Every structure is written in C-alpha cells, then in structure tokens.
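This report refers to the structure that appears directly beneath it.
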Amino acid sequence: MKKPLLDVRDLAVAFDTDGGAVHAVNGVSYTLHEGETLGIVGESGSGKSVHVLAMLGLIPRPPGRITGGQVLFEGRDLLALKERDLRKIRGGAIGFVFQDPMSSLNPGMTVAAQIVEPLRIHLGLDARAARARAKDLLDLVRIPNAGARLDQYPHEFSGGQRQRVMIAIGLSCRPKLLIADEATTALDVTVQAEIVALVQELKRELGMAIIWITHDLGVVAGISDTVQVMYAGRILERGPVDDIFSDPRNAYTLGLLRSLPDLSGGRAGRRRLHQIEGAPPDMRHPPPGDPFAPRNAFATPRCRAEMPPLVQAPGAAPGHLVAAWYDLPKLLAAEAAR
Amino acid sequence: MLRFLARRLALAVPTLILASMIIFALQQLLPGDVATALTGEERDPQVIAFIRQKYHLDAPLPVRYAYWAGGVLRGDLGESIRLQKPVSELIVEKLPVTLELACLAMLVALAIGVPMGVLSAVKRGQAADTIANGVALWGLSVPNFWLGILLILLFSVQLGWLPASGYVSPFESLSDNLAAMVMPAFVLGNAIAAVMMRHTRAAMLGVLGSDYVRTARAKGVSPMRVTLRHALPNAAIPIITLGALEFGQLLSGAVLTEQVFSVPGFGKLMVDAVFNRDFATVQGVVICTAATYIALNLAADLLSAAVNPKLRRA
C-alpha cells in the first residue's frame, strides 16, 4: 500500500446564519494515499466541497468556522497552521480546479499572468522562466498555439479551454494533490469527456493524487480508484469504485445508482428514471440519527434514533465501508423475492 | 477602439444641441430679462425697449436661439451684456480656478474614499468597517458650507494657519495658492469621499466574493495582492464612473463652497449671471460644462475599457 498523503479526522464545519448555525460537515474521516484518485459524490449541500475548502482555509470566516477535527497533510495538521504557512501549501503541494471556468478565472488578467502567479510564489521563478513554464503548461493541457495565447484574456477562450487553463494553473507547481471541485459540471458533455480524459492522462504523467468532487456518478466511475458518498455532511459509504457500483450497501448510494439512466438494455431495458423522494434535512437542526433515514424506505427505528458508524461492510471487498443499521443486500433480496 | 471613440464623439453632438436648447428655453421661465435687470429701479420703458432691440431680445425664441447657435458655431459664445466682456473671455478667466479646485477636491476624495472603501470591504463587519461607515455617514450628512465655516474658524481664526478666503494664482505663488485652496478642496472632497467609499465598499464586496478571488487564494496569493491586484481592478469600473460624474459636478462650479471661501470660480460666475439675467453667460457656462461632462464620461469609458479587457471590443 502507498503512503497516506491526506488524513482527515473527524472534520466538522459550521456556518453561522441568522437562523442559527448550519452544520455543513459533521465528523468526516478518511485517508487518501499518494497517487490515489478519490471521487466524492453527493448532492448540493452534502458537504463535499465545503469540507475540502474548509481544510485549506478557503471558506469565508466568518460566517464559516471549523468546529473540530484534524487534517494531516504529509503529517502536518493543516487546521493548526497559520494562514501564512497554509498559503505555501495552497497552489503549491495542493492544486485546485474549480467548477465554473467562466467565473473562476480573473476577467481582468491575461492567462499568462494568472498561470505565472503560483510559479513565482511557490517555485520562486523569475518572470522570464515563469512565462516559459506557463507556455509549457498550456502545451501540457493541449491548448494549441500556446505561445500566442498567453497574452489573451479569459473571455477569448472557449469554456473547455478555460477549464484547461484552470487545470494548467492547478498543476503548475506539480502538486502532490489535485482537488477538482465540480470541474466538469459547467461543461458540455463532449467537453466533459475531453477534460476527464486529459486529467487521467496528466495523472499518468505526473502521478499526483486527485480528489474529484462531483454529483455526476458517471464521471466518478470513469476516473476514480475509490468512491466516497456524502450526505448531510457525513460519509455514508466509501470503497473501491467497482465494489460501490456493483454492491452498494447504503440506500442513498443505491438511490443515486438507480437514478442513472441505463442505456445498455436497448428499448426493452429502458425504464423511468428513479427519483429519490423528499429533500435533504435542514442542517440547522440535523436529525439525531441517520440523516438519510427520513427519505429511506428501508430505514429502521434505530436509523432514526442513532447515527450508524462508518464500518467495514460485512462480506464486501476490504475497505468498503458503510454507515447503515440495515443490511441492504438482504433487504433487496427479500424485495426481489416478493 | 477608434470606432468606439468616433461613435461616442458623434453622440456628443446631439447631446450638446439638446442641452443648449433646454437651457435656452428654461431661462425664458425666469421673470424679467437683462433689460429689466440693467435698468434697475427706474425701469425707463424707452431704455428697456432700446436694450431689447439692440440685443434682439424682442425677437421670437427660435430666432434668438438661431442667433446664439450661429455664434457658437463660429466660436463666439456671445457677450456678457452686464460685464461688457465676451463670454469666452469670462470662461477662460474662471475655468482654471474651478479646474484646480475640482482636481484638488477629486484628489482628496480618491485619497480618502477608495482606501477607506477597500479597507471596510476587506474588514467587513469588523471595527474598521464600522468606523469607516461612520466616517462616511458623517461626510454625507455634514453640509459643505457649514464644514467650510468651521474649518475657517479653526484654521484661520483660531490657529491662523490658513487664509480664510481669497484666491492667489499658482503662477504668482504656488504655496499661497495651495494654502488658499486646501480648505475648499477638503470640504468638497470630503463629501465626495463619502460617496466614493460607499461605492468602493459595495463594488469590492461583490468582487471579493467572486470565484476568481477564491481561485487566487487557492493559488497561495497573499491577501494584499488578492485585494489590490485581483479584486480592486475588477471593482474599479463603478468607481471610475462615479468619479467622472462627481468631477463633472465639481467643474460646473461649487456654488456654496466657492461663496464661503470667496473662490472666484464657475459657481460664482453662474450665480451672478442668473441673478442679472445675463443669459449669454449662463448659456456659455452651461454649454462649456455640458461639453466637459461628455468629455469626462468618455474618459471614464476609455478608462473602464483599459481596466476591463472585455469592454475593449464593444
């Protein structure tokens, strides 16, 4: 097994609002190893983006605050670092690619100026060397005629190209970890596929670990080693990608999988898309038990009263963890028998 | 860029014509004319009739407008009947004074308003923000003439550091000139600084919450650089637009402040002209001010285009 790179322990984040504190992240723990690609799935408000932004000091504080936990990156607790030291990690050892490439690039700065910044800050390159490196990076993310495009502004690039520029910035200092937050969500499906392919290719070349945050299970299946399903600021299930898709143990994961369109069975195999009934809980008053219980047809009384711990799923592949009081495969078998 | 400039300049022409027509028509609403103003108490009907005839005051409104507009096109703004001087000469005389005062006031406004606005946006909800907002509220609420009088009381009467009034040309003595200008410039600038601060704060808050500012922070950029290099230029457009408008306002003359400090600028010229029904002067000043406004707005647009690359193609 490779060395652990990022060790998140019991991370909790809250946002103070007029209506009381919103508990966005409630005790998230996981380990990411060097070179591993972790796909984090969940709907809006599941805490998937917030917990990552919070551990690098990127949520606005106030109203946001970290209410507990530890985040060890290469053995150092990010939450205990001073802003000044955290800044040395952001953009250096940890690179970011954000969701909307239209709004995530500064409209008033040339692409070169934006790529050069981390190179000068973290690698201490002089202006000329940084510019040469910026051109190489644009080549790396397959932007044609890179040299001529350095001095153009973001609005002169297409959406897909802008996301490539974002990736160039994220990878500029050869990070050990690349965090892609909904990196393909704002793009056309064909462009999405190109970007995913590009990231996979770059990963083979550069060998960094990736946290790929998305609500798109299709993208996760294509890119991840490990999948982690989040809901209401908690991890409900986590494990090797194939195992999660073939043998889901949490009802929420199952709901997500069932809501994927299935085109494999031809006309006969087509069915109405499954929809998970209800809405996520109000995180100002999170339910005492399993947060998904109110929407879960399989929920037991214990689910509503007590939060299940995240433990190895019995009979599943090693490392396949689930938080559920019920035994999903058994319930499904019973359902099929009826 | 050149096409943009040409189009804007072409648009300026109808604006100026319209402005001149409006001011020409509005003046007719004032009771009396220059003839009654000049003859004073006596009101000798013969004299009045003579003056009216001499200056075509008895001609119909469109004819008078045509007389005047024809002159303007030849570069002749007419003559101040009361002062017996060409209006253009009066403008050339007073404009530098107003221009200097406006520039100094603008400098004060920018030097106070923008940093304060940036600071209060960055320190939103903290003590610095509260203080800056309080100062701005004070700046907005204090009447200029009153602040002027208080300043004169303190710095001229009590401390004797600055002259209470009067104007010295900078070509005579720069230090005396600045000593005379510093108080009126501060009074005018202070009020604008407050508006400036509010707009800067609002614009900065919008920009600081944007995705690209988060991107900059995620790259490890220092807070100072995030604020000044990433956020401020993108917040600059409303500040530039406001600055141009306020500057135009200043150039049309600060009537009360000029009165308090006895600064012989546009404001005083204009007020005197209106009271004397010296319509040629009023029109000359208005047309000159309107032209300056248009030029300033154009300058603001060009500056915005320099700041925002997206506007350059428009």
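None of these values were measured; they are calculated from a predicted model. Below, chain A is the first sequence line, B the second, and so on; all start at residue 1.
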Which one wins on heavy-atom pair count under 4.5 Å against chain B: A:Gln99, A:Gln114, A:Arg90, A:Met166? A:Arg90
Shortest non-hydrogen contact from A:Arg87 to B:Pro223? NH1-CD, 3.1 Å
B:Lys219 side-chain N/O to A:Ile115 backbone N/O, donor-acceptor pair under 3.5 Å: no
When you check the gap from the basic side-chain N to the acidic O, do A:Glu117 and B:Arg225 get nearer than 4.0 Å? yes
Donor-acceptor pair, distance only, cut-off 3.5 Å: does the side chain of B:Thr215 make one with the backbone of A:Ser104? yes
I'd like to verify something: which residue of A:Ser172, A:Ala113, A:Pro107 has the highest number of heavy-atom pairs under 4.5 Å with chain B? A:Pro107
With distance as the sole test, does A:Asn106 use its side chain to make a donor-acceptor pair with the main-chain N or O of B:Tyr212 at under 3.5 Å? no
Look at atom CZ of B:Arg124 and say whether more than 12 heavy atoms of other residues, nucleotides or ligands are closer to it than 6.0 Å. no
Under 3.5 Å, side chain of B:His230 to main-chain N/O of A:Gly108, donor-acceptor pair present? no
Go through the atoms of A:Leu56 and report whether side chain, backbone, both or neither lie under 4.5 Å from a heavy atom of chain B. neither
Okay, A:Leu53 and chain B: the region with an atom under 4.5 Å from a heavy atom over there is side chain
Do the side chain of B:Arg217 and the main chain of A:Gly57 share a donor and acceptor less than 3.5 angstrom apart? yes
